[in-house]
Amino acid sequence: MVEGQIPFDAALARLKPLFEDAAILKIAHNMKHDLLVLSRYGIDVAPIDDAMLMSYALDSGRGDHRLEELARNYCGHEALTFASVTGAGRNFLGFARAALTAATEYAAEQADISLRLWRVLKPRLLAERMTTVYETLERPMVATLARMERRGVMVERATLSRLSGEFAQDMARLEAEIFELAGESFNLGSPKQLGDILFGKMGLPGAKKTATGAWSTSASVLEDLAVAGNDFSRRILDWRQLSKLKSTYADALPGYINAETGRVHTSYALAATTTGRLSSSEPNLQNIPVRNEAGRKIRKAFVSAPGHVLISADYSQIELRLLAHIADIPQLRRAFAENLDIHAMTASEMFNVPIKDMPPETRRRAKAINFGIIYGISAFGLANQLSIPREEASAYIKRYFERFPGIRDYMDSTRKTVREKGEVSTIFGRVYHFPGISSANASDRAFYERAAINAPIQGAAADIIRRAMIRMDDALARAGLSAQMLLQVHDELVFEAPNDEAEATIELARRVMEQAPAPAVHLAVPLKVDARAAANWDEAH
DNA sequence: CGTGTCACG
DNA sequence: ACGTACGTGACACGG
């Protein structure tokens, strides 16, 4: 106990009634953090306004929404840093005394700056017509995400430990074979050393250079060599995959299992991406492997609590559906209305092949084009993705635009808008600013234009799932269900439900997610949600 | 701490 | 002629 400090329990007892009056806490910066800290002491706070989210609604492209940065930018004020007020090199008691005084000063200034930011940002939201975005898409996410983070997800330590051992064995075998073929041992984890072996000693044709001029040893380069029959690069690829799974997932995830809850609690960032998507960190649970069998073994370690199931509900092709709506493309709208295979339909339109006996390779190329469109397609990018000559990619794009002229119109009009106004927006009113585009050189301008084509699509999908998440908590309660929302992965929500609530939760999630755009927006295409329950995330997905 | 690589949508 | 697919976060390497 430090002199002058009242006992913690007494402090808490004095504090609690204050928070029961919601008016006490009106304004904060990064409210989700405060909510999570206070919830540890049983204090529930109704979040009111959050200066960080106001800043994000005004300009998601601003790299940094930290309080210190906003104070500098909007108030011309240099905020105290905790490090600057605590000082260093003291003995513990000295530090503790200093820290108490300093923490008081620091905390008071943080609260003051939050209020001062609010006074600046509130009228700006009104002036820039971003109040609705802030109030309906940003602010309500705070409580929802805080609950999800606090709930956490169960991850089986034993499964990951077993996988780590299996991956290590397979890596050791591959490593021995690789060193045998190379005629020497080296650090397989070093791109530099690997490049020297591949393109120096072994004399293989280096396909690409990195930004710094070194030979690229990326998967696409190694894949091209492997397809040409090079077993050495195939083994490197296999080793790399296992190395990734072992270090990033099998070995790292157990360290995030909370000792008190036995579960993994990610942190979602609400003001991190330019488009309106969330991001997830420590650990990132939005990039758990799923695309191949070895990776899915990791995903199987994410399980439901006893007596419960995990439910995964994901939007099917939401970005292409939004493209069909936004660009108003008759064939796409019809295809989604009739629930057709959209990539096969695209291939059929482009190559005059009946949908029913579509060769897989033809469909694969059409699928790459569809994704490319959403990214603001370029011949170079498509050629790279499909490992085909750029001339061939150009011909595909030309053909695509002949069949879907509305897409070219949409892309052209988006480029025009962003060049003239420096901004574009989603159908829900979220605005993206591109202030640099007027003074950009040709290649930078092309980059901004692609981002401006992508943002209204990716961002509308982000807006829709936010609306669904905000409604889900209330919908579950009203339906008398005790299921909990655990995770969000951009177009997917994961719930944990008692076994006997599985079906009802699936039906509710599907209804809420599919109806999420209304009443703000009525889409010209239906949304489709696939949902399933299982004992682990892999089988639910 | 920047770079390369790779996991996800 | 140029250099590009959109959006993220984590890990290992090496200076």
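Proteins get letters first, then strands, A, B, ... in listed order; numbering begins at 1 in each.
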Q) Side chains of A:Val494 and A:Ile311: closer than 4.5 Å at any heavy-atom pair? A) no
Q. So do the side chains of A:Leu53 and A:Val142 get within less than 4.5 Å of each other, counting heavy atoms only?
A. yes
Q. Among all residues two or more places apart in sequence or in another chain, which pass the side-chain hydrogen bond (donor to acceptor under 3.5 Å, both in side chains) test with A:Gln193?
A. none
Q.
Run the side-chain hydrogen bond (donor to acceptor under 3.5 Å, both in side chains) test against A:Lys367 and tell me which residues pass, sequence neighbours left out.
A. none
With sugar-phosphate meaning primed atoms plus P, OP1 and OP2, does [X] contact a base, only sugar-phosphate, or nothing at under 4.0 Å between heavy atoms?
X        : result
A:Ile377 : base
A:Phe371 : nothing
A:Asn187 : sugar-phosphate
A:Ala252 : sugar-phosphate
A:Ser243 : nothing
A:Thr212 : sugar-phosphate
A:Ala211 : sugar-phosphate
A:Gly376 : nothing
A:Gln193 : sugar-phosphate
A:Ala452 : nothing
A:Glu282 : sugar-phosphate
A:Asp491 : sugar-phosphate
A:Phe447 : sugar-phosphate

Using the [atom1] atom as the point on both nucleotides, what is the distance between [M] and [N], in whole Å?
N     : M     : atom1 : value
C:dG3 : B:dG4 : P     : 16 Å
C:dC2 : B:dA7 : P     : 32 Å
C:dT4 : B:dT3 : P     : 14 Å

Does [X] pair with [Y] as a salt bridge, N-O distance under 4.0 Å?
X        : Y        : value
A:Arg72  : A:Glu68  : no
A:Glu184 : A:Lys201 : yes
A:Arg263 : A:Glu496 : yes
A:Arg415 : A:Asp412 : yes

Q: If a pair satisfies ring pair (Phe, Tyr, Trp, His ring centres under 6.0 Å) and one of its residues is in residues 196-217 of chain A, list it, with sequence neighbours excluded.
A: A:Phe199-A:Trp215
Q | Structure string for DNA chain C in dot-bracket form, Watson-Crick and G-U at under 3.5 Å, | interchain | A | .....|||||||||.
Distance-only check: which donor-acceptor pairs under 3.5 Å involve side-chain atoms of residues 457-468 of chain A, not counting sequence neighbours?
unit_1: A:Gln458; atom_1: OE1; unit_2: A:Thr275; atom_2: OG1; d: 2.7
unit_1: A:Gln458; atom_1: NE2; unit_2: A:Asn454; atom_2: OD1; d: 3.2
unit_1: A:Asp463; atom_1: OD1; unit_2: A:Arg430; atom_2: NE; d: 2.8
unit_1: A:Asp463; atom_1: OD1; unit_2: A:Arg430; atom_2: NH2; d: 3.1
unit_1: A:Asp463; atom_1: OD2; unit_2: A:Thr426; atom_2: OG1; d: 2.8
unit_1: A:Arg466; atom_1: NE; unit_2: A:Gly276; atom_2: O; d: 3.1
unit_1: A:Arg466; atom_1: NH1; unit_2: A:Leu137; atom_2: O; d: 2.7
unit_1: A:Arg466; atom_1: NH1; unit_2: A:Glu138; atom_2: OE1; d: 2.8
unit_1: A:Arg466; atom_1: NH2; unit_2: A:Gly276; atom_2: O; d: 3.0
unit_1: A:Arg467; atom_1: NE; unit_2: A:Ala516; atom_2: O; d: 2.7
unit_1: A:Arg467; atom_1: NH2; unit_2: A:Pro517; atom_2: O; d: 3.3
unit_1: A:Arg467; atom_1: NH2; unit_2: A:Ala518; atom_2: O; d: 3.2

Q) Picking from A:Gln488, A:Met485, A:Lys32, what satisfies side chain to side chain contact (heavy atoms under 4.5 Å, CB included) with A:Leu145? A) A:Lys32
Q: Kindly state which residues belonging to residues 285-294 of chain A come within less than 4.0 angstrom of DNA chain B, counting heavy atoms of the residue only, listed by number.
A: A:Gln286, A:Asn287, A:Ile288, A:Pro289, A:Val290, A:Arg291
Q: Anything under 4.0 Å to a heavy atom of chain A counts; send over the first and last such nucleotide of DNA chain B, read 5' to 3'.
A: B:dT3 to B:dG9
Q | Parallel, tilted or perpendicular, as decided by the 30° and 60° cut-offs, for the rings of A:Phe371 and A:His343 | A | tilted
Q: Taking salt bridge (charged side-chain N to carboxylate O under 4.0 Å, His left out) as the test, write out the residues that go with A:Arg333, two or more places apart.
A: A:Asp328
Q: Only pairs at least two apart or in different chains count here, so list each salt bridge (Lys or Arg N to Asp or Glu O under 4.0 Å) that has a residue in residues 277-291 of chain A.
A: A:Arg277-A:Glu319
Q | Pairs involving residues 526-536 of chain A, ordered by first then second residue, that meet salt bridge (Lys or Arg N to Asp or Glu O under 4.0 Å) (sequence neighbours left out) | A | A:Lys528-A:Asp530
Q: Would you please indicate if the ring centroids of A:Tyr400 and A:Phe404 are separated by under 6.0 Å?
A: yes
Q | Outermost DNA chain C nucleotides near chain A [under 4.0 Å, heavy atoms] | A | C:dT4 to C:dG14
Q) Should we count CD of A:Glu128 as having more than 12 external heavy atoms under 6.0 Å? A) yes
**Q.** Close residues, residues 266-276 of chain A, relative to DNA chain C [heavy-atom separation under 4.0 Å]
**A.** A:Ala272, A:Thr273, A:Thr274, A:Thr275
